[in-house]
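Have a look at the structure below before the remarks.
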There are 2 protein chains.
Amino acid sequence: MKWNDIGNQTCSVARTLAIVGDRWTLLVLRNAFLGTRRFEDFQQHLGVTRHVLASRLKRLVEAGVFRKDAYQPNRHEYRLTEMGLALYPVIMAMAHWGDTWLDEGKGAPLVYRHRPCGQLTTPTLVCSECGEPLDPRQVTPLAGPGLSPGTLPRPLPEAG
Amino acid sequence: MKWNDIGNQTCSVARTLAIVGDRWTLLVLRNAFLGTRRFEDFQQHLGVTRHVLASRLKRLVEAGVFRKDAYQPNRHEYRLTEMGLALYPVIMAMAHWGDTWLDEGKGAPLVYRHRPCGQLTTPTLVCSECGEPLDPRQVTPLAGPGLSPGTLPRPLPEAG
DNA sequence: GACCGCGCGTTTCTTTTTGGAACCCGTCGT
DNA sequence: ACGACGGGTTCCAAAAAGAAACGCGCGGTC
């Protein structure tokens with residue numbers, strides 16, 4: 001199966017990965033959340049080749065994750081749209097996993113202050129309904145309205 | 001910069017991506033959370049080539065994300081470890097982003113029941129301290145204990 | 001106990017995608 | 001008018017992915 005076919009699957013994870021599913025794209029996004037906006041800055045900070053960076057930025061702009069703002073004739077800044085900002089939980093979930101499981105005893109490279117409450121925060125995934133942290137063993141996936149048959153490893157009950 | 005060099009950066013996202021940062025790995029994990037455990041099932045359901053699947057599973061086992069349990073001599077199941085289960089927020093964040101921004105008007109393919117509270121849940125990233133949803137514009141990254149100098153696009157204040 | 005098929009890979013070969021480095025081109029400052 | 005800079009594109013070699021066939025131990029079956 002090829003890259004673009006993946007995006008056509010009936011799976012939200014697959015469709016998401018068709019846009020952001022490679023390491024450079026996700027690193028570009030992480031830097032965007034740290035304030036990077038320009039081609040040259042992404043390139044130098046990440047060490048990605050210009051070739052690959054150009055193709056990734058192009059894809060992200062086409063997908064609507066970045067907006068390309070001219071700050072001078074022929075020079076642009078790549079800025080996160082609302083759609084792009086909505087990827088924050090993905091990046092933070094990865095950062096937190098790395099902090100927790102791969103820190104090599106040195107502690108997290110970055111910590112985060114949540115300005116509204118003033119505290120250093122640990123980003124936590126919770127249930128929208130009861131507010132408790134989500135444990136995969138306590139969550140049952142159900143067939144939703146957009147599911148086509150045969151796309152799952154096993155049959156699932158209907159949502160209700 | 002090459003793949004493995006990325007994992008040595010002082011950045012939790014980069015280290016995380018060195019393990020799970022390609023589309024097939026993340027799709028393997030998504031299926032693992034849906035209950036898939038065997039090589040043949042991953043292969044057939046995802047359509048990934050056997051070659052690539054074998055290399056991804058190998059990396060995930062070496063990293064400690066999967067455990068390889070023999071269920072017969074010479075046959076194994078790949079099961080998520082605690083470390084692997086901890087990737088749930090990453091997968092759910094991607095699923096939710098896809099549901100929200102890429103659903104093509106058909107609705108989510110899957111919905112999720114949180115058994116402890118009984119409700120259909122929307123996984124939400126909140127501040128561990130105040131419980132409010134995290135908005136990237138309201139979070140200030142600070143230098144943490146594990147930060148080496150020069151790894152950031154711009155200088156950052158110290159945590160404290 | 002020979003045969004068949006399954007699960008789980010490995011091998012081989014071809015096609016895509018990266019990495020690396022040079023090159024291009026319009027604008028800006030001087 | 002001239003050089004430097006930002007933001008790419010082009011070219012070639014190296015690495016990774018796709019496709020399909022092959023290997024091999026085990027378990028069931030006659």
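Computed from a predicted structure; not experimentally measured. Just so we're on the same page: letters track the sequence lines, and every chain starts at 1.
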**Fill in**
Taken in chain and number order and not counting sequence neighbours, the residues that satisfy side-chain contact (heavy atoms from CB on, under 4.5 Å) with A:T100 are A:H96
**Message:** Tell me whether B:E40 is salt-bridged to B:R50, with the criterion being a basic N under 4.0 Å from an acidic carboxylate O.
**Reply:** yes
**Item:** A:E77: partners by side chain to side chain donor-acceptor pair (under 3.5 Å), with sequence neighbours left out
**Value:** A:R38
**Complete:** Residues pairing under side chain to side chain donor-acceptor pair (under 3.5 Å) where one sits in residues 118-135 of chain B, two or more places apart or in two chains, turn out to be B:D135-B:R137
**Asked** Of all residues at least two apart in sequence or in a different chain, which pass the side chain to side chain donor-acceptor pair (under 3.5 Å) check with A:R79?
**Response** none
**Item:** N/O (side chain, B:W24) to phosphate O (OP1/OP2, D:dA16) under 4.0 Å
**Value:** no
**Request:** Could you tell me whether the side chain of A:R50 has a donor or acceptor atom within less than 3.5 Å of a complementary atom in the base of D:dG8?
**Result:** yes
**Asked** Does any residue of residues 63-73 of chain A have a heavy atom under 4.0 Å from DNA chain C, and if so, which ones, in number order?
**Response** A:Q72, A:P73
**Prompt:** What nucleotide among D:dT9, D:dT10, D:dG18 has an atom nearest to a side-chain atom of A:A54?
**Reply:** D:dT9
**Sidechain N-carboxylate O distance under 4.0 Å for A:D69, A:R37** = no
**Item:** Selection: residues 33-40 of chain B, any non-hydrogen atom under 4.0 Å of DNA chain C
**Value:** B:R38, B:F39, B:E40
**Asked** Out of C:dG9, C:dG19, D:dG8, which has the shortest distance to the side chain of B:H76?
**Response** C:dG9
